[in-house]
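To start, the structure under review is shown below, and the notes come after it.
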Amino acid sequence: MAARVSGIGLIVGTFFMAASLTPSLIPRSDLVQGVLAGVSFTAGYGIALLLKWLWLYVQLPVPGAWLSRKLFVVSGSLCVLTAATFLVKAADWQNAIREAMGIAPVPTALPILIGAIAAGTAIILVGSGKLLGILWQRVSLRLGRYVRPRLARIIGLALVLGIVTFLGNGVLFSGFLRIADSSAQALDAVIEPDLAAPADPMSTGSAASLISWEDLGREGRNFIGGAIRADRIRQVTGLEAIDPVRVYVGLNAAEEPAERAALAVAELERIGGFDRSHLVIAMPTGTGWMDPAAFETLEYLQRGDVATLAIQYSYLQSWLSLLVEPEYSTEAGRALFSAVYTRWKQLPEATRPELFLYGLSLGAYSSQQSMRLHEIIDEPVSGALWVGPPFVSPLWQTLTAEREPGSPAWLPKLDQGQMVRFTNGTDGLDGAAEWGRMRIVYLQYASDPIVFFRSDSAFRKPDWMEEPRGPDVSRELRWYPIISFLQQGFDMAIALAVPMGHGHLYAFTDHIAPWMEVMPPQGWEPSDISRLRAHLQTRND
């Protein structure tokens, strides 16, 4: 047994697994927690084997066979005790996150299930690693007939890694992407029977529209079909209203982003979007989804006096699109902004609408990169609302890094809030100075791993873990080298598996204050805002 299983690998792997059971940003199910624990064990086991190999390679002393067997028994017992202790505490740690998010606690009798899933995952991964090691040895032996042994091992390792990379990335991952893309494309083409094309010729997707109902795509049809009307706005707010304008161009409407952008501008002009007081250039998420929490809230606040237009650039989920085709979202954002801004500048300055930007998730990433300073320096846009910006967003990274000393990474303060403010929906919007000509607001939750994942968290404690922490981040959360990186990676995959108002799921009510700062509404009393908040709270539930 001791010859087949590394004692030091067991120890390091077990401590990695134990640390992975501690809380991170998102509460984990039994399955997710078990898989994470198994992956963490494998990472620790592999690191230990690498260190052991280096130890042997430089010919440092090692214990004899008898002492090795004794140490293996002791280390095995220590591992069992450590694993059992941490598994018993796993439910309490998960409940610490759930309490911060107002979720019902999980039962405490879960360690056996989590342990079984973790053990199964680790066995599969470690076993796969051992098979690769055997393959490496055999390839090296064959090569050793022709070259020196050490060179044979290096070449053999390169060949095995090349094969694994080819199979994993060139075959399995590419196949997964093809399946994901074709499945998403098929879903995008589905037309729900209860969602009919609009009869109003002044609506996008109608018989008179430049974009057919079919070419809107599934998310485009949901966006256009879900538009609130003036009578509904009046009913909820008690204030006079007009019908808001929504324009959306799906992927099938035109081949190139510039063509879809030109089509969007033409359609906006056709239905009178430039006659509204406010115009929003919106970038959807990777699937093309437009968050109703943002647009319903905006249209209520502006009493319909707003036009929103967007173009689709992908079928894939945002994280997949960001991984394999980030340039698509950036190219689409640039094309749409350029087309709209060019036409907007041609309009009489006294009568043209105020121009704003909006994006959620990958849409926030592309929206931030859609405009160039030299383009807008003489006639800037009025503002932007960027929600849940991905951690790779260059502008967001710069602003966060340059925040005022003492302000937390999850709620930065900059330049007294004259041009940029950060908020979690309520806090952070009271700037020390009045707004300047441009008003930019970032809406982000402290518990959103899409925003706060850091690739260097494997070796460095992220700033957002420092005190004071966000209101929905567990006080029990700790930083562990490598483990915190794995935890945050898993958190990103389940960032939407939370109640609205946490993680990457932004609440209707939390859009009220940001929109009011970016685009101050007219004619509202505090009682009107309270009534709207009460209505939107029902949409949160």
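Worth saying up front: this structure is predicted, and the values here are computed from it rather than measured.
- Between Pro23 and Arg28 the shortest heavy-atom distance is CA-NH2, 4.4 Å.
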- Message: Could you go through Leu263 and Ile311, starting from their C-alpha distance and side-chain angles, then the distance that decides it, and tell me whether this counts as side chain to side chain contact (heavy atoms under 4.5 Å, CB included)?
- Response: CA-CA 9 Å; Leu263 193 57; Ile311 63 173; over 6 Å; no

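- Environment of CD in Glu349: sparse, with no more than 12 heavy atoms of neighbouring residues, nucleotides or ligands closer than 6.0 Å.
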- Task: Check the pair Leu443, Thr423 against side chain to side chain contact (heavy atoms under 4.5 Å, CB included), reporting the backbone distance first and the verdict last.
- Result: CA-CA 5 Å; Leu443 171 58; Thr423 182; 4.1 Å; yes

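- The ring pair (Phe, Tyr, Trp, His ring centres under 6.0 Å) contacts involving residues 216-247 comprise Phe223-Phe295, where partners must be two or more places apart or lie in separate chains.
- Annotation: side chain of Arg539 is in contact with side chain of Pro292 (closest heavy-atom distance under 4.5 Å).
- In this structure, CE in Met290 is found 9.0 Å from OG1 in Thr285, a value given to the nearest 0.5 Å.
- Residue pairs satisfying the salt bridge (charged side-chain N to carboxylate O under 4.0 Å, His left out) criterion with at least one member in residues 420-431, sequence neighbours excluded, are listed as follows: Arg421-Glu517.
- Using a distance-only test at 3.5 Å, with no hydrogens or angles considered, no donor-acceptor pair links the side chain of Arg246 to the main chain of Thr308.
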- Message: Val387 vs Asp291, test: side chain to side chain contact (heavy atoms under 4.5 Å, CB included). Steps then yes/no.
- Response: CA-CA 10 Å; Val387 183; Asp291 188 2; 5.9 Å; no

Name each donor-acceptor pair under 3.5 Å that joins a side chain in residues 409-416 to protein atoms two or more places apart or in another chain, with its distance.
residue: Trp410; atom: NE1; partner: Pro468; partner atom: O; Å: 2.9

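- Panel note: side chain Arg439, backbone Val518; a donor-acceptor pair is recorded below 3.5 Å.
- Atoms CG and CE, on Leu309 and Met283 in that order, are 10.0 Å from each other to the nearest 0.5 Å.
- Here the side chain of Trp464 pairs a donor or acceptor atom with the backbone of Phe452 at under 3.5 angstrom.
- A donor atom on one side chain and an acceptor atom on the other are not found under 3.5 Å apart for Ser24 and Gln487.
- Distance OG1/Thr204 to CG/Leu268: 8.5 Å, rounded to 0.5 Å.
- Considering Phe459, Phe490, Phe453, Trp479 as possible partners of Phe485, the one that fulfils the ring-ring contact (aromatic ring centres under 6.0 Å, His included) test is Phe453.
- By the side chain to side chain contact (heavy atoms under 4.5 Å, CB included) test, Glu259 is found to be paired with Ala254, Glu255, Glu256, residues two or more places apart in sequence or in another chain being considered.
- The backbone N or O of Glu375 sits less than 3.5 Å from a side-chain atom of Tyr341, completing a donor-acceptor pair.
- Look at Asp231 and Arg234 and you find no salt bridge, because none of the NZ, NE, NH1 or NH2 atoms lies under 4.0 Å from a carboxylate O.
- The salt bridge (charged side-chain N to carboxylate O under 4.0 Å, His left out) analysis of residues 381-408, with sequence neighbours excluded, yields the pairs Arg403-Asp463.
- At least one donor-acceptor pair closer than 3.5 Å links the side chain of Ser29 to the backbone N or O of Val32.
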- Task: Evaluate the criterion side chain to side chain contact (heavy atoms under 4.5 Å, CB included) for residue pair Asp510 and Asn424; output intermediate values, then yes/no.
- Result: CA-CA 7 Å; Asp510 286 338; Asn424 57 3; over 6 Å; no

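- A pairwise comparison of heavy atoms in Leu429 and Ala513 identifies CD1-CB, 3.5 Å as the closest pair.
- By the salt bridge (Lys or Arg N to Asp or Glu O under 4.0 Å) test, Glu379 is found to be paired with Lys345, Arg352, residues two or more places apart in sequence or in another chain being considered.
- Remark: Ser277 pairs with Asp305 by the side chain to side chain contact (heavy atoms under 4.5 Å, CB included) rule, at least two apart or across chains.
- In this structure a side-chain-to-backbone donor-acceptor pair under 3.5 Å is missing from Arg98 to Pro27.
- Summarising the geometry, atom CH2 belonging to Trp524 is positioned 9.5 Å from atom OH belonging to Tyr300; distances are rounded to the nearest 0.5 Å.
- A heavy-atom distance below 4.5 Å is not found between the side chains of His511 and Leu536.
- Between the side chain of Gln312 and the backbone N or O of Leu251 there is at least one donor-acceptor pair closer than 3.5 Å.
- Listed by chain and residue number, nothing satisfies the ring pair (Phe, Tyr, Trp, His ring centres under 6.0 Å) test with Trp289 (two or more places apart in sequence, or in another chain).
- Atom-to-atom distance recorded for Ile242:CD1 and Gln302:CD is 10.0 Å, nearest 0.5 angstrom.
- The aromatic rings of Phe422 and Tyr442 lie parallel to each other, their planes meeting at an angle below 30°, with 60° marking the opposite boundary.
- Here ring pair (Phe, Tyr, Trp, His ring centres under 6.0 Å) pairs that include residues 259-278, with residues two or more places apart or in two chains, number zero.
- For residues 492-509, the pairs satisfying side chain to side chain donor-acceptor pair (under 3.5 Å) are Ser361-His504, Asp448-His504, Asp448-Tyr506, Asp472-His502, Thr509-Asn540, with sequence neighbours left out.
- Listed by first and then second residue, the salt bridge (charged side-chain N to carboxylate O under 4.0 Å, His left out) pairs involving residues 264-285 are Glu267-Arg270, Glu269-Arg343 (not counting sequence neighbours).
- Using a distance-only test at 3.5 Å, with no hydrogens or angles considered, a donor-acceptor pair links the side chain of Arg221 to the main chain of Trp213.
- Using a 4.5 Å cut-off on side-chain heavy atoms (C-beta onward), Met516 and Leu301 make contact.
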Return all side-chain donor-acceptor pairs below 3.5 angstrom for residues 390-398, not counting sequence neighbours, or 'none' if the list is empty.
residue: Ser393; atom: OG; partner: Gln368; partner atom: NE2; Å: 3.3
residue: Ser393; atom: OG; partner: Pro390; partner atom: O; Å: 2.8
residue: Trp396; atom: NE1; partner: Gln444; partner atom: OE1; Å: 2.9
residue: Gln397; atom: NE2; partner: Phe391; partner atom: O; Å: 2.7
residue: Thr398; atom: OG1; partner: Pro394; partner atom: O; Å: 3.1

